[in-house]
Amino acid sequence: MAQPLWAPWRMAYVGERAPRECIFCAATTGDPAERLLLGSTGASVVMLNRFPYQNGHVMVAPRRHTASLPDLPADEHADLADTLRRALRVLETVYRPEGFNLGMNLGTCAGAGFADHLHWHIVPRWTGDTNFMPLLADTRVMPQHLHEAWERLRVAFAPLA
Ligand SMILES: [Zn+2]
């Protein structure tokens, strides 16, 4: 049986330089492939995690730059919740995982890599996948692998808009 993951997205950040810009605010600017933008709605964006802990590790964030979930206006939260739901459906279809870890780290002390802009993590899970975890955590993500995942998911997320 797969072990539960606890803030796995944090581990890949060890040793990484802190980015200067907010990746969620920048998501809809410039080249979507470079930004790893998968799709967007009126109030939310869906991105591939640049430091994935698993295939299909996706992040769903509001367009609004805020660290506070309670501060998010109700209509924008409704959009975020719906986008999260739809992202799960897309990942179910594309990756056919056996389960998901779904989580939000609020605050740096809670493990948020980008604490200033709240975001959901969606990590697909398969039975026994933790066997690979130590290996993955120590391995640099191949840009090509990331790009292939982006291309595959970008098509699947196209109906989101
Ligand atoms: Zn932001």
Side-chain angles (χ1 to χ4, degrees), residues 5-92 94-95 100-125 136-137 140-161:
L5 291 177
W6 189 252
W9 39 87
R10 186 71 191 141
M11 298 181 68
Y13 281 86
V14 174
E16 292 290 339
R17 201 158 42 94
R20 291 182 202 88
E21 64 178 358
C22 175
I23 61 165
F24 302 104
C25 288
T28 52
T29 66
D31 180 12
E34 198 157 305
R35 297 296 188 191
L36 298 179
L37 179 71
L38 294 171
S40 59
T41 66
S44 308
V45 295
V46 182
M47 299 170 70
L48 196 59
N49 194 302
R50 195 172 296 278
F51 308 101
Y53 207 77
Q54 184 67 276
N55 285 333
H57 180 167
V58 160
M59 300 181 296
V60 181
R63 285 178 182 260
R64 180 185 298 274
H65 184 87
T66 178
S68 168
L69 189 61
D71 282 354
L72 201 62
D75 58 330
E76 292 176 29
H77 182 262
D79 185 288
L80 181 69
D82 189 55
T83 304
L84 185 67
R85 211 166 59 111
R86 293 167 72 190
L88 282 167
R89 180 69 80 205
V90 169
L91 291 170
E92 278 173 1
V94 173
Y95 285 102
F100 288 102
N101 284 111
L102 191 59
M104 188 183 276
N105 300 327
L106 297 178
T108 306
C109 74
F114 296 91
D116 294 341
H117 194 138
L118 67 90
H119 53 282
W120 284 101
H121 288 268
I122 307 176
V123 181
R125 299 299 309 275
L136 278 177
R140 270 195 86 76
V141 178
M142 295 293 133
Q144 190 178 350
H145 171 81
L146 201 60
H147 185 68
E148 281 169 9
W150 179 82
E151 291 213 311
R152 189 176 176 193
L153 285 172
R154 176 78 171 172
V155 173
F157 272 101
L160 199 65

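Atom set for the values below is all heavy atoms of this structure, side chains included, hydrogens, waters and symmetry mates excluded. Atoms within each ligand, like the ligands themselves, are counted from 1 in listed order.
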Validation row: L38, V90 side chains within 4.5 angstrom (heavy atoms): no
Is it true that the side chains of T41 and D79 contain a donor and an acceptor less than 3.5 Å apart? yes
Salt-bridge criterion met for E92 and R89 (N-O under 4.0 Å): yes
Would you please classify the geometry between the H117 ring and the F24 ring as parallel, tilted or perpendicular, with 30° and 60° separating the classes? tilted
Less than 2.8 Å from the Zn ion (ligand 1) is the window; count the protein N, O or S atoms in it. 4
R152: what forms a salt bridge (Lys or Arg N to Asp or Glu O under 4.0 Å) with it, not counting sequence neighbours? none
If you measure from OH on Y95 to CG on L153, what distance do you get to the nearest 0.5 Å? 4.0 Å
